[in-house]
A.B. asks: 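The structure that follows is given in the form of structure tokens.
Letters go in sequence order (proteins before strands), and every chain restarts at 1.
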2 protein chains.
Amino acid sequence: MIYAGRMPVTVLLVDDEPLVRAGLRAVLEAQPDIQVVGEAADGAAVIPLVRRLRPDVVAMDVRMPLMDGIEATRAVLRTVDAPPKIIVVTTFEDDEFVYEALRAGADGFLLKRSRPAEIVHAVRLVADGESLLFPASVRRLAARFGERRTAGAALTGAGLTEREAEVLRLMARGLSNAEIAARLVVGTETVKSHVSAVLAKLGARDRTQAVIAAYESGFVAPG
Amino acid sequence: MIYAGRMPVTVLLVDDEPLVRAGLRAVLEAQPDIQVVGEAADGAAVIPLVRRLRPDVVAMDVRMPLMDGIEATRAVLRTVDAPPKIIVVTTFEDDEFVYEALRAGADGFLLKRSRPAEIVHAVRLVADGESLLFPASVRRLAARFGERRTAGAALTGAGLTEREAEVLRLMARGLSNAEIAARLVVGTETVKSHVSAVLAKLGARDRTQAVIAAYESGFVAPG
DNA sequence: AAGCGTCTCCCCCGTGCGGGGGAGATCCGC
DNA sequence: GCGGATCTCCCCCGCACGGGGGAGACGCTT
């Protein structure tokens with residue numbers, strides 16, 4: 001496989017530990033044909049970032065606070081059209097995670113213990129459309145889940161609607177549904193609809209997680 | 001504390017995962033007064049390296065294949081004269097590890113999840129002869145929430161207790177009361193008590209407002 | 001005209017959340 | 001010894017929240 005003359009492969013790093021992100025960045029950016037275009041600390045922050053940065057590859061941690069890598073993988077593939085390739089990164093050779101990751105639609109599976117050369121190789125491989133499955137025995141499973149990706153494509157073109165974003169901003173200021181309703185001069189049932197939509201799109205379980213995602217993704221900023 | 005005009009602090013990295021070493025190196029070498037002088041992949045390799053490189057600080061992983069960080073710490077302190085300061089680096093806030101590490105003679109204790117600034121700070125601190133015992137995140141919260149927040153409805157004026165701060169941190173990661181209870185190995189009723197105390201002291205109406213306060217005050221930070 | 005997406009509002013329903021009490025155990029300082 | 005603080009757990013209770021449905025009105029593109 002030859003990489004000369006290619007456009008650089010763009011990568012988004014998703015891991016809750018800054019240290020791991022720094023490590024991946026150091027390893028990947030040492031390659032002239034690979035470019036890290038962004039980082040996220042949680043799966044919940046991934047979708048808007050993918051939409052904005054349109055990376056070729058997402059390196060996704062499994063264990064993360066709000067939304068784990070499996071969930072985030074599902075969310076990205078479900079809500080983003082022309083989605084990036086996704087490499088799920090984990091610490092242990094957990095077969096369950098491999099299986100789950102494949103079911104979720106991941107293209108690659110990588111251990112954190114891997115040597116830099118393997119990591120670089122994995123990124124290049126999935127960027128080229130190949131799938132990379134660590135244990136050979138699991139490779140067979142890939143075939144069974146190979147047809148996804150066409151079906152799920154895009155409910156709406158964009159993430160949050162303007163109204164939903166407005167509601168999320170008010171949620172992130174601590175307002176209750178009733179207060180948001182009063183502020184926006186609509187019924188509380190309407191607000192509930194918007195809140196539900198926000199929770200669904202962000203993969204949040206409740207308004208608290210949604211607000212956390214808003215902070216973590218930079219949608220709102222402290223200060 | 002002023003670092004200008006100092007000799008650079010030399011650091012030896014000991015971790016079995018190249019990724020983590022690369023991350024630490026990237027984070028530390030970004031500082032002009034810190035220099036990474038060597039790396040080791042296992043505790044067993046540390047002693048000769050320490051003898052040869054004479055680093056000021058050793059950043060030591062706990063979990064390693066041949067000799068773990070606790071053992072390696074003991075070995076270094078026992079066999080090397082004028083030994084370096086040792087920061088034990090681990091993944092989880094495992095009290096047992098903290099205790100063991102301190103018993104072994106470690107000068108500092110650091111979580112891999114820490115933000116770069118905290119890691120850098122820890123290295124400088126132990127290099128200066130200070131000891132850095134409990135996770136910086138915990139320490140920070142106590143200090144931060146100790147005296148502020150005097151105004152408002154809160155009548156106690158005493159700030160958050162350690163336990164309450166711990167609960168708030170978990171709230172700020174999106175955990176429900178039941179999940180926090182499971183994490184802290186206590187009953188949900190206990191968690192409810194702590195949550196209520198946190199809400200009262202922060203002047204928050206619900207957990208969402210408490211989490212917002214946590215972000216806005218710097219108690220937790222995005223990224 | 002048809003279709004889609006958005007915004008609006010409505011129903012039912014379960015439950016997690018938070019308030020308001022109380023109480024025992026431990027530790028620490030006076 | 002005694003009081004205070006902290007951590008733990010328990011009761012009852014109201015309600016906001018969130019999930020599951022559905023539906024009408026508007027504006028847009030096709």
A.B. asks: Could you tell me the separation between the CG atom of B:L199 and the C1' atom of C:dG16, rounded to a whole number of Å?
C.D. replies: 14 Å
A.B. asks: Send over the distance from B:D206 CG to D:dA16 C1', rounded to a whole Å.
C.D. replies: 9 Å
A.B. asks: For A:R21 and A:D15, work out which heavy atoms get closest and say how close.
C.D. replies: NH1-O, 2.7 Å
A.B. asks: Check nucleotides 8-13 of chain D against the protein and report each pair of N or O atoms closer than 3.5 Å, with its distance, or say if there are none.
C.D. replies:
from  : atom 1 : to     : atom 2 : distance (Å)
D:dT8 : OP1    : B:R163 : NE     : 3.4
D:dT8 : OP1    : B:R163 : NH2    : 2.8
D:dT8 : OP2    : B:R163 : NE     : 3.0
D:dT8 : OP2    : B:H194 : NE2    : 2.9
D:dC9 : OP2    : B:G187 : N      : 2.6
D:dC9 : OP2    : B:T190 : OG1    : 2.5
D:dC9 : O5'    : B:T190 : OG1    : 3.3
D:dC9 : N4     : B:S193 : OG     : 2.8

A.B. asks: Could you grab the distance from atom CZ of A:R173 to atom OG1 of B:T208, nearest 0.5 Å is fine?
C.D. replies: 15.0 Å
A.B. asks: When you check the phosphate oxygens OP1 and OP2 of C:dG19, does a side-chain N or O of B:S196 lie under 4.0 Å from one of them?
C.D. replies: yes
A.B. asks: Please report the end-to-end axis angle for the helix from C:dA1-D:dT30 to C:dC30-D:dG1, five pairs per end, rounded to 10 degrees.
C.D. replies: 40°
A.B. asks: At less than 4.0 Å, is any side-chain N or O atom of A:N177 found next to OP1 or OP2 of D:dC17? Yes or no.
C.D. replies: yes
A.B. asks: Could you report the tightest heavy-atom contact between A:S176 and B:R205, atom names first, then the distance?
C.D. replies: N-NH2, 3.5 Å
A.B. asks: Of the nucleotides C:dG18, D:dG18, C:dC7, which one has an atom closest to the side chain of A:R207?
C.D. replies: D:dG18
A.B. asks: May I ask you to evaluate whether A:R205 reaches the phosphate of D:dG18, defined as a side-chain N or O under 4.0 Å from OP1 or OP2?
C.D. replies: no
A.B. asks: What nucleotide, of D:dC17, C:dC7, D:dC7, holds the atom closest to the side chain of A:S176?
C.D. replies: D:dC17
